[in-house]
Number of protein chains: 2
Amino acid sequence: MKLITRDTDYAVRILCYLSGKKERTVVVEMVRELKIPAAFLRRIAQRLSKAGILTSAKGFNGGFILSAKPRDIRLLDVAEIFQGSFSLNDCLFKRRICPDRKTCFLRRQILDIEKYVLEKFTSLTVGDILAGGSIDGQKKNNQDRRE
Amino acid sequence: MKLITRDTDYAVRILCYLSGKKERTVVVEMVRELKIPAAFLRRIAQRLSKAGILTSAKGFNGGFILSAKPRDIRLLDVAEIFQGSFSLNDCLFKRRICPDRKTCFLRRQILDIEKYVLEKFTSLTVGDILAGGSIDGQKKNNQDRRE
DNA sequence: ACAAATGATACTAATATGATATCATTACAT
DNA sequence: ATGTAATGATATCATATTAGTATCATTTGT
Ligand code: FES
Ligand code: FES
């Protein structure tokens, strides 16, 4: 089971890479550095752009650039582009099988987990990922708190 | 995204239903009550049986019965039968893309979530689900604690 | 021997994920 | 204005996972 799908994964990489850039960056360059299949990377960049996370420019000096600072790009927003909204309890009502969803204990537990994931993914930003990767430590507090 | 797949979901229902039975119960009866497609329900019961969670008997007075008390059947064990082991961070190493997994902050976060889910699913038993569904309240404490 | 049950297993269908390919559009440079 | 370098939009294909079906073999009580 995957919490993060490949597209999201690639998207995060792309965003991390672009965090180090001040100017627009072209797909071929990203491909060179990130080793992601070109056509796929392009489509991902396009979706990020459409979602407003990247800003793009066509034509000669075109390319992609972050629309916001790394620490203002939340993992949740990125993940939702590719994986839809995070709702973990598709479990039952969809097909109306659970006898009584109001009192369903299992459902409450899953909602709890969902809440936890949501909090993590909301507080986690591209900036955090970058900082955690190189600097390490100290960054732990802002997500060690639930509710 | 689903944390619990349909098979697991059905399995839990089956287990809950069988919790109310002292004698072996036959597939057709479960189908009648649970409205799960017969062939599918049967296959699920068989897998539960193979995993030792149900005990089965062939032939005339055959059927399925719980192998243990409801409160000793953990959701984790059930889920793992149908969904494999719970590891949420398939994210990267599989294809060796993440530059440095030792310091990867994102990975640490996902491991955190994984741990949380594992704890919930380990402490949650069929007994809890039953109790939560009918009695309500009071049962909350044993899973409101992480780590 | 027969009927009632599960055991084992192979198959099909639908959906989600991962990846590719192609044509349209824009923008700069000459 | 024309060519080229870029992204935009979209259609298609491939693979994996999930959901569900079908069938034959085996066991057991009467
Ligand atoms: S409502 Fe989801 S398991 Fe009961
Ligand atoms: S190791 Fe999984 S995101 Fe870096």
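Here is how names work: the chains are called A, B, and so on, in the same order as the sequence lines, proteins then strands, and each is numbered from 1. These figures come from a predicted structure and were not determined experimentally.
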Can you check the [X] [atom1] to [N] [atom2] distance for me, whole Å?
X: B:L41; N: C:dA5; atom1: CG; atom2: C1'; result: 14 Å
X: B:E29; N: C:dT6; atom1: CD; atom2: P; result: 11 Å
X: B:D9; N: D:dT18; atom1: CG; atom2: P; result: 14 Å
X: B:L54; N: C:dG7; atom1: CG; atom2: C1'; result: 14 Å
X: A:I44; N: C:dT20; atom1: CD1; atom2: C1'; result: 13 Å
X: A:F40; N: D:dC13; atom1: CZ; atom2: P; result: 18 Å
X: B:Q83; N: D:dA16; atom1: CD; atom2: C1'; result: 16 Å
X: A:K50; N: D:dT7; atom1: NZ; atom2: P; result: 16 Å

Which is true for [X] with a 4.0 Å heavy-atom rule: it touches a base, it touches only sugar-phosphate, or it touches nothing?
X: B:V28; answer: nothing
X: B:A38; answer: nothing
X: A:A57; answer: sugar-phosphate

When A:K58 and A:T5 are each assigned the nearest nucleotide of DNA chain C, the 5'-most assignment goes to A:T5
[X] to [Y] - nearest heavy-atom pair and separation:
X: A:A11; Y: A:L48; result: CB-CD1, 4.0 Å
X: A:I81; Y: A:R47; result: O-NH2, 3.3 Å
X: A:K120; Y: B:D112; result: NZ-OD2, 2.7 Å
X: A:T122; Y: A:L76; result: OG1-CD2, 3.5 Å

Among B:I36, B:I4, B:I44, the one residue meeting side chain to side chain contact (heavy atoms under 4.5 Å, CB included) with B:D9: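 Filter result, single survivor: B:I4.
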Selected nucleotide, minimal atom distance to [X] side chain, candidates [options]:
X: B:R43; options: D:dA19, D:dT21, D:dT7; value: D:dT21
X: B:Q46; options: C:dG18, D:dT7, C:dG7; value: C:dG7
X: B:Y10; options: D:dG20, C:dT20, D:dA19; value: D:dG20
X: A:F60; options: C:dA29, D:dG8, C:dA19; value: C:dA29
X: B:V27; options: D:dA19, C:dT6, D:dT7; value: C:dT6

Q | A:M30 reachable from A:V26 in the ILVMFWY side-chain graph, under 4.5 Å edges | A |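 No, A:V26 and A:M30 fall in different hydrophobic clusters.
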Looking at [X], does any N or O in its side chain come under 4.0 Å of the phosphate oxygens OP1/OP2 on [N]?
X: B:K2; N: D:dA19; result: yes
X: B:S49; N: C:dG7; result: yes
X: B:S56; N: C:dA5; result: no

Handout entry: First encountered from the 5' end of DNA chain D, between B:R42 and A:N61
Key =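 Its nearest nucleotide lies further toward 5', so the answer is A:N61.
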